[in-house]
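Input: a single structure, listed below in structure tokens.
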Amino acid sequence: MTALDITHDPKRTSWVASANVAGCDFPIQNLPFGTYSRAPRPHPRIGVAIGDKILDLRMAKLIDTDDMNVLMAATPEERRALRLRISEGLASGSALQAAWESALVDHSAVTMHVPCHVGDYTDFYTSVHHATNIGRQFRPDNPLLPNYKWVPIGYHGRASSIIVSGTPVKRPQGQTKAPDAAEPSFGPCKRLDYELELAWFIGQGNALGAPVGIDAAEQHLFGVALFNDWSARDIQAWEYQPLGPFLSKNFGSTVSPWIVTMEALAPFRAPFTRPEGDPQPLPYLDSADNRAQGHVDMTLEVLIQTAKMRADGQAPARLTLGKLKDAAYWTPAQLVAHHTVNGCNLQAGDLLGSGTLSGPTMDAAGSFTELSVGGKQPFTLPNGEQRTFLQDGDTLILRGWCEREGAVRIGLGEASGTVVA
Ligand code: MN
């Protein structure tokens, strides 16, 4: 895993003043990658977020491509070298300040895009608490299936409908069948839900037939963003057997625009442990390094702003707040090792969804179906409004950040989307 270096030095500040403000998501220790465009040019370019600005990497003469997937496919050594050059150039006192000031763009003046071309998207199911909560709704006596603690469960999702934060989400239509109805009916989804997830992005790929061992797994990970896997629970309940979710999931998945790199996460790594009495991972999912620091200490927050809250000038209200390492039963390295163990080839830009990241308690649940116990117990918002599922006009916002004593806090920005009829 990535060692700490000068780019993580908490004493380092930037000549971009907004990056030095306490609580900023994008201090000089972060340097996440994204793609943006600015009128009148519609063509996306690669930038790095620094405070409330974006450093255009081509204008700063750091790269000669606009293709994020090319940058993601670089070797870890090349990536670390690029990060070092960006950090040195943006650091207070850098001789490059005069040259790079003209390569800065106001974040507020641009359109952000899905950060890379996502060729393939896999969604995992890494929260044992989410799996148990959902399982209990379907099988009260036997919520967790016997394979759960051995196999990182996942399915292949659809990449074409991944959308960037801020894109409206159209309520899907589909077939549903109420438990007491004789036949299904067709119409708009009545149980539209969100899923609090992370998107782990693949950097360097692997050849077909060449599994990635767990100790090399992080060399193939580029970084992480926030991910909302919008879900139509009523469509899902009727369609999911026997082959799993289909149209209940592929009408839109929102990703945040900035990929926070594995290098930026280095100060926030945490041990991976199994609860007492749970099986240890099979050898191909286990290593000393993964046990020592396979997890990431990250805080995740979900907020909602209803149409009424917006009209009344009220800020978004928190639904839940939790810790990634309390939610995820598998580490990102284990997901890569498992995904490739059969020889499956991953490619730069592939997206591995974490699955809904619910913590052990309901104040850290990652979906409305958990907060409302399958729609049975309405969830009351601070202004008195109630929700079992999302209504038209609701804006759902995911946020995430890492903080630790002795390190500068970094954030993932946000993934937001508003439901429209
Ligand atoms: Mn999901």
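Atoms within each ligand, like the ligands themselves, are counted from 1 in listed order.
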Any sub-3.5 Å donor-acceptor pair from Arg399's side-chain atoms to Gly413's backbone N or O?
no

For Thr132, what residues pass the side-chain hydrogen bond (donor to acceptor under 3.5 Å, both in side chains) criterion, not counting sequence neighbours?
none

side-chain hydrogen bond (donor to acceptor under 3.5 Å, both in side chains) with Gln305: which residues, sequence neighbours excluded?
none

Is a salt bridge present between Glu195 and Arg233, judged by a nitrogen-to-oxygen distance below 4.0 Å?
yes

Parallel under 30°, tilted from 30 to 60°, perpendicular over 60°: which one fits the rings of Tyr329 and Tyr148?
tilted

Are there any protein N/O/S atoms under 2.8 Å from the Mn ion (ligand 1), and if so, which?
Asp123 OD2, Glu195 OE1, Glu197 OE2, Asp229 OD2

The side-chain hydrogen bond (donor to acceptor under 3.5 Å, both in side chains) partners of Thr273 (sequence neighbours excluded) come to none

